[in-house]
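Have a look at the structure below before the remarks.
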Amino acid sequence: MKNKRETGAEYEKKAARYLESCGYKIISSNFRCRAGEIDLIARDGRYLVFIEVKYRVNAQMGEPQEAVDTKKQQKISRTAAYYCMRHGISSEQPCRFDVAAFTEGKWMVIQNAFDYIE
């Protein structure tokens, strides 16, 4: 039986493959710093996209995207700001935050799931 980290890593890889099939270009996975972690970072057209991957076996415990609450959004935003600063990414670069949610055998990608929060 897999632990939560192994299951999460498996679904992050599956999400990366799915997103690539939708035209995203994955540039980083599991970016970590003291502020937090971002599951996937990609390019989608002119956007730099920070992606949170969520998985649920079924919707009994709620939809997976519901787990990306305001507190989680703030943590991801701070981590994204650090990523941009560390990699010299201009404040002019359009960015967005997507959620890739998997439940009951299907993927749903919610583009621009939340706004940059500082």
- Message: Once you measure the plane-to-plane angle for F50 and Y83, does it fall in the parallel (<30°), tilted (30-60°) or perpendicular (>60°) bin?
- Response: perpendicular

- Query: Does the side chain of V49 come within less than 4.5 Å of R43's, by heavy atoms?
  - Reply: no

Below 3.5 Å, can you tabulate the donor-acceptor pairs from side chains in residues 32-41 to any protein atom, sequence neighbours excluded?
from	atom 1	to	atom 2	distance (Å)
D39	OD2	V53	N	2.8

- To the nearest 0.5 Å, what is the distance between CD (E12) and CG (L19)? 11.5 Å

- S77 side, atom OG; K72 side, atom NZ - distance, nearest 0.5 Å: 11.5 Å

- Query: Just how far is it from atom CD1 of I51 to atom CD1 of I76, taken to the nearest 0.5 Å?
  - Reply: 11.0 Å

- Any side-chain heavy-atom pair of K75 and R78 under 4.5 Å: yes

- Spacing of NE2 belonging to H87 relative to CD belonging to Q93, to within rounding of 0.5 Å: 13.0 Å

- Item | Distance (rounded to the nearest 0.5 Å) between Y11 OH and K14 NZ | 4.0 Å

Result block: side-chain N/O donor-acceptor pairs under 3.5 angstrom for residues 20-27, not counting sequence neighbours:
from	atom 1	to	atom 2	distance (Å)
S21	OG	Y18	O	2.6
Y24	OH	R96	NH2	3.1
Y24	OH	D98	OD2	2.6
Y24	OH	Q111	NE2	3.2

- Message: Parallel, tilted or perpendicular: which one describes the rings of F114 and F97, with boundaries at 30° and 60°?
- Response: parallel

